[in-house]
Protein chains: 2
Amino acid sequence: MLSLTKKTDYALIAMAYLAERPSQFCSARQISQEYSLPLPVLMNILKTLNHEGLVVSTRGAKGGYKIADDPAKVSLARLIDAVEGPIRFVQCVGKGEDDLCVGSCPIRGPVLKLHRKLNDFLEAATLADVVVPGTEPASAGVGTESGVET
Amino acid sequence: MLSLTKKTDYALIAMAYLAERPSQFCSARQISQEYSLPLPVLMNILKTLNHEGLVVSTRGAKGGYKIADDPAKVSLARLIDAVEGPIRFVQCVGKGEDDLCVGSCPIRGPVLKLHRKLNDFLEAATLADVVVPGTEPASAGVGTESGVET
DNA sequence: CCATATAGGACTCTGCACGTACGATATCAG
DNA sequence: CTGATATCGTACGTGCAGAGTCCTATATGG
C-alpha cells in the first residue's frame, strides 16, 4: 500500500538519535527507552544498519552504536534500501522479463520514469532533512497544509 | 516495502487500455486476454474502479467498462487510493496520536513533509502521463530534476 | 428464453512484516 | 580472573494484508 514499514520508522528514529550525538556511542537500550521502541526489534534494525555500514558499533560494556557518515550524506533511499531491501515502486522494475511485461505491457516505459522520479526524490532527501526540524527537504513548494487528519 | 501492489499494476494497465478506447465499452475479458491478466482478479479491480467512479460500467451482453474521465484529469494518487486505499508513506500520517508519536517522536514533522511531497507527486502525475508514451510525467516539484533519460 | 456480462459478496492461500528468543562473543569494571 | 553489559548471529512464531478463486444475483441483447 505504498508505505514504509515500521522498520524504516524505527531506523529513521534511531538514525536521527545517533545523528544528534555523532561523537558518542549510544546503546540500543538508550534509544529504545527514549522513544519506547521494542528493544529486540531495534537491536535487529541496528544490526542491519551496522551491517550495511550506516552505523559503526562497539561491543562490550559501554559499547553501542555511532553514526558512520555525515547525516547530510545519507540519503533516505540508502536507508530504506538498507532496512527493507531494494526500492521497487512497481513490480517489473528490476527484472525486465517480468511475466506481465513480455513485450505487451503498455505502461512499462512511463511507469519506469515515475519510478526513477521517486527514486531520485528519495536519493535527494537526506537524514539531515529529517533530523533538522527547520530544514526544507528538497524545495517544498507545496502548500498542502490542510487536513491531514483522517 | 514502498512498492505498489499488483492490483495497482493491473488497474494501471486496465485504465490505460480503456483510456485508449474512450468511446467504447470493453469487457474485462478483453483486457485480461490482451495482457494475460487473471480474469477474476481484473474483474475485482474493475469493480472497485467502478465503485470509485473511475470507470463506468454497463451490464449484460455487450456490456463492459468505459473510462469515466479525461485521462489527463485522473491522478495516480486517486487511482492508487481507489485500489489500495489511502496512501501513507509512514505509519503515523493519518492518526496524530500514533503510539510512536506521542509527543516524543523527533522525526514526525519532517517526515510528514516528505509524505506530502510524495503525495503531491502522485497527485500531479496523471493517467495521461502513463498512457501517452512521449509525455514527461509530472514535473511536480519533487525536486531532483536530474535528467533521467531512458 | 438464453447467453453474456457485470455486481457484490465470501472465501482460501501464501508471504511478509513484526516481534521474540537464545546462545555466542567482545569489552569494561571490580 | 570474574561478572556485568552490550552487540552479534540466527532462528522461530504470530498476525495481517496481498493475491487469487468461486458463487449467486442482476441486467442486457439476440
Taking only side-chain N and O atoms of [X], does any of them lie within less than 4.0 angstrom of OP1 or OP2 on [N]?
X     : N      : result
A:N50 : D:dT7  : no
A:T5  : C:dC18 : yes
B:S57 : C:dA7  : yes
B:N44 : D:dA19 : no
A:Y10 : C:dA17 : no

With respect to the side chain of [X], which nucleotide from [options] is positioned closest?
X     : options               : answer
B:K47 : C:dA3, D:dG9, C:dA7   : C:dA7
A:A61 : C:dT27, C:dT4, D:dT7  : C:dT27
A:R59 : C:dT25, C:dC28, C:dG9 : C:dT25

(message) I want to confirm an ordering. Mapping A:T58 and A:V41 to their closest nucleotides on DNA chain C, which one lands closer to the 5' end?
(response)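 Counting from the 5' end, the first nearest nucleotide belongs to A:V41.
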
(message) Both A:P38 and A:G60 contact DNA chain C. Which one's nearest nucleotide lies toward the 5' end?
(response)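 On the 5' side of the pair lies A:P38.
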
(message) Between the base of D:dG29 and the side chain of B:K62, is there a donor and acceptor pair under 3.5 angstrom?
(response)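 Not at all, since no donor on one side and acceptor on the other fall under 3.5 Å apart.
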
(request) Decide yes or no, distance alone: a donor-acceptor N/O pair under 3.5 angstrom between the base of D:dG18 and the side-chain of B:K6. (result)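 Counting by modelled atom types and ignoring angles, no donor-acceptor contact under 3.5 Å is found here.
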
Whole angstroms only, please: what is the [atom1]-[atom2] distance between [X] and [N]?
X     : N      : atom1 : atom2 : answer
B:D9  : D:dG18 : CG    : P     : 14 Å
B:H51 : C:dT6  : NE2   : P     : 17 Å
A:F25 : D:dC8  : CZ    : P     : 11 Å
B:L46 : C:dT6  : CG    : C1'   : 10 Å
B:Y65 : C:dT4  : OH    : P     : 17 Å
B:L42 : C:dA7  : CG    : C1'   : 15 Å
B:L39 : C:dA7  : CG    : P     : 13 Å
A:L37 : C:dC18 : CG    : P     : 13 Å

(message) Among B:Y65, B:Y17, B:Y35, which residue satisfies the side chain to side chain donor-acceptor pair (under 3.5 Å) criterion with B:Q30?
(response)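 When side chain to side chain donor-acceptor pair (under 3.5 Å) is applied between B:Q30 and each of B:Y65, B:Y17, B:Y35, only B:Y17 qualifies.
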
(message) Is it the case that atom CZ in A:R21 sees more than 12 heavy atoms from other parts of the structure closer than 6.0 Å?
(response)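 Yes, because the 6.0 Å sphere around CZ of A:R21 holds more than 12 heavy atoms from other groups.
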
(request) Using the closest heavy atom to pick a nucleotide of DNA chain D for each, name whichever of A:G63 or B:P40 lands nearer the 5' end. (result)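 Of the two residues, A:G63 wins.
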
(request) Would you please say whether a donor-acceptor pair under 3.5 Å links the side chains of A:K47 and A:N50? (result)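 Not at all, the side chains of A:K47 and A:N50 share no donor-acceptor pair under 3.5 Å.
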
(message) With a 4.5 Å cut-off on side-chain heavy atoms, are A:D69 and A:R78 touching?
(response)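 With C-beta onward as the side chain, the pair touches.
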
(message) Between B:L4 and B:V41, is there shared hydrophobic-cluster membership here, with clusters defined by ILVMFWY side-chain heavy atoms closer than 4.5 Å?
(response)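 Linked within one cluster.
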
(request) Could you tell me whether the side chain of A:D120 and the main chain of A:K117 form a donor-acceptor pair under 3.5 Å? (result)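 It does not hold such a pair.
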
